[in-house]
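Order of the sequence lines sets the chain letters (A, B, ...), proteins ahead of strands, with each chain counted from 1.
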Amino acid sequence: MALNALLQDRADWPADAYVAALVELATPVLLVDRDGFVEFANRQVCAMLGCSAAPLLRLDDLLASCGVDGRPALPSAATPEKMAQLRLSDGRAVNAEARYLPNGGAALSLNDVSAFVREAERARVDPLTGLANRVGLHGALADMLAAGLPVAVFCIDLDRFKSVNDTLGHPIGDALLRRVAERLVTIAGPGDVVARVGGDEFTMLRPGDASPTAISETAERIVDLVGRTYVLEGHMLNVGASVGVTLAPTDGSDGDTLLKNGDLALYRAKAEGRGRFRFFEADMDAQMQARRAIELDLRRALALKEFELVYQPQVDLSTQAVVGFEALLRWRNARRGLISPAEFIPIAEDTGLIVSIGEWVLRTACREAASWSHPAEVAVNLSPIQFRDHKLVQTVISALAHSGLEPGRLELEITESALMDETDTVVATLKTLRGLGVRISMDDFGTGYSSLSYLQKFPFDKIKIDQSFVRGMGDNAEAGAIVRAVARLGTSLGMKTTAEGVETQEQLDAIRAEGCSHVQGYLTGRPMSGADAAALLASRGAKIGKEA
Amino acid sequence: MSEDLYRLVYYSRTRMGEEVERFADGVRSVLATSQRNNAPAGVTGALLFNAGCFGQVLEGSRRAVEATFERIQRDPRHSDVSLLGFDAIDARAFPNWAMGFVGTRAADAERYGGIAVASGYDPSRMSADHLFETLHRLALEEEHSAVA
């Protein structure tokens, strides 16, 4: 039976029977007259609002007296349905649905939607830190932009967080993230929004007018404050922060563009050495595109055989003889010409391409060296990234086996940065490699953290002193003192010491006087082709100095 | 004494400017804050300042010391905070000394300022042990002269 028919059937019901039904209805219901006065409130409304049905109050006054936040707009003949969300004094969220009545008044039914609202809020909150999450961030940014506010967006990335997580475990890592979040919140002002948008990535939004100086100061404060030492669960922890800053409306007017630009600026801050902030600049996008283009070419370079190796002589200072060569990578692209390793190696490392490129270098250098008439050493550089590849040891074994090169003639050069993360794993790998008979040297010593503990952790065969010290020897006494100290350190630890970047006879005399055992530089031999290296060795007149 | 005792030693440069009066006010305010916050948490220690540097020792339960240091790290008046040491200890060296300030009177400030200049005191060049010992010695001297 249709409802209308049912109602007509019951037309003989007395009016107070309907009223009694309304009073007992499980849904909270209010009736309001055409002037906005409450005519009727059922039991459920009184229970929900926590007040008695006061006679003939205006609806707004009733809600105000119950401590309700929000006022529903009443419907009219033109818009017969209106919906509003109210916040009750106990925090519950209630949807008020108002329907127009023929007498010009309205019927309101209230519906507790707290559970849904909480769910929606939870979807916008990072459970670990209580900050907004990515969804919350996008929403907040969209709201600020929609309100026409200028916004400063700070994209924040932690430096060295991964090593904390890896060495001390996730519970400490999580506790650290909470501390970082707390510090960021102390920087945030009223109206600012702080979000955690990834493992160790945060974003802060600052709406409103602010001078470039004030924004710089805030970015600097983030770098400073987040970078300060943490003491946590008995540990002293150090992480840094890199920050990219972008501004609306100057740099973009929609959220996606702003966050992308902030990431570009962040990327630049990291590329420039981390622990600093950078503002977005329009050409960053173009530079990133250029970098992507290099990356695309780099991905094809192996297949197109665009890499080549050149070999720089290494000379034993006691005998003046060339005892080995360092294999150096060159990339020659048809369109770009010769590309500097300083330009493409970081890209190869970021993309992981260094693993396959490094394998090619290793195999090629071993094959080349195996063909030499004289058993000189060949030194090959390993990137820290290659140590994360579990196949490294296997690759070295395979390169030696295929080339037939005697393991003792292969020298692997690593930098301190390879030892900074996951030191124990890397040291274990180095020991395995040493077990094969391969030699291991510490490259660019003096440029990184130069922690002597690294020398203690693994007995390197050789320390290579960075060329900056050799070049500096003429001008400042400190560089000379450092060369001398490292040479002595090498002697007492039973490690050879190679001075890199020797260009003049004076420098050669100086490093000889300071006690270095080996030398490598333009003076004693520029990088040369494999054929020239083979010829140099074959001549056996491979002595340096005036006769070279 | 409670188990789980830790000692933390740090120094920091301050952003309070060079004027002695303002600097002294700043130190007093840091000290007041430290005492107010730390006494209930059972953190004791010593504070030494000199020409824009603080050297400070904090002793207490690990959590309390960590919380105190975190508060210091968030204080914009401290810049360039260097943590020199954070270790478990058997007993406090500054037990009843809820954050004593070496030189509460102007005369003391001058006295210790004089010592500082004469001995070339510079917390930034001190090891944790050295800074700790210096503070401990000064504290004992202070106690001694109070008794005398």
Working for side-chain contact (heavy atoms from CB on, under 4.5 Å), residues A:Glu233 and B:Arg62
CA-CA 8 Å; A:Glu233 309 288 325; B:Arg62 180 176 63 70; 3.7 Å; yes
Applying side-chain contact (heavy atoms from CB on, under 4.5 Å) to B:Leu8 and A:Val231, what does each step give before you reach the verdict?
CA-CA 9 Å; B:Leu8 186 149; A:Val231 291; 3.9 Å; yes
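Interface check for chain B: of the options A:Arg183, A:Glu182, A:His235, the most heavy-atom pairs under 4.5 Å are formed by A:Arg183.
One finds the CG atom of A:Leu237 at 10.0 Å from the CG atom of B:Leu83 (value rounded to the nearest 0.5 Å). Atom CE of A:Met236 and atom CG of B:Asp87 lie 6.5 Å apart (nearest 0.5 Å).
Judged by distance alone, with hydrogens and angles left aside, the side-chain atoms of B:Glu70 form no donor-acceptor pair with the main-chain N or O of A:Tyr230 at under 3.5 Å.
The two atoms that bring A:Thr229 and B:Gln73 nearest to each other are O-NE2, 2.7 Å, heavy atoms only.
Residue A:Glu478 places its CD atom among 12 or fewer non-hydrogen atoms of other residues, nucleotides or ligands, all under 6.0 Å distant.
The part of B:Phe69 that comes within reach of chain A is its side chain, from C-beta onward, which places non-hydrogen atoms under 4.5 angstrom from that chain. For A:Thr186, the part lying under 4.5 angstrom from a heavy atom of chain B is the side chain only.
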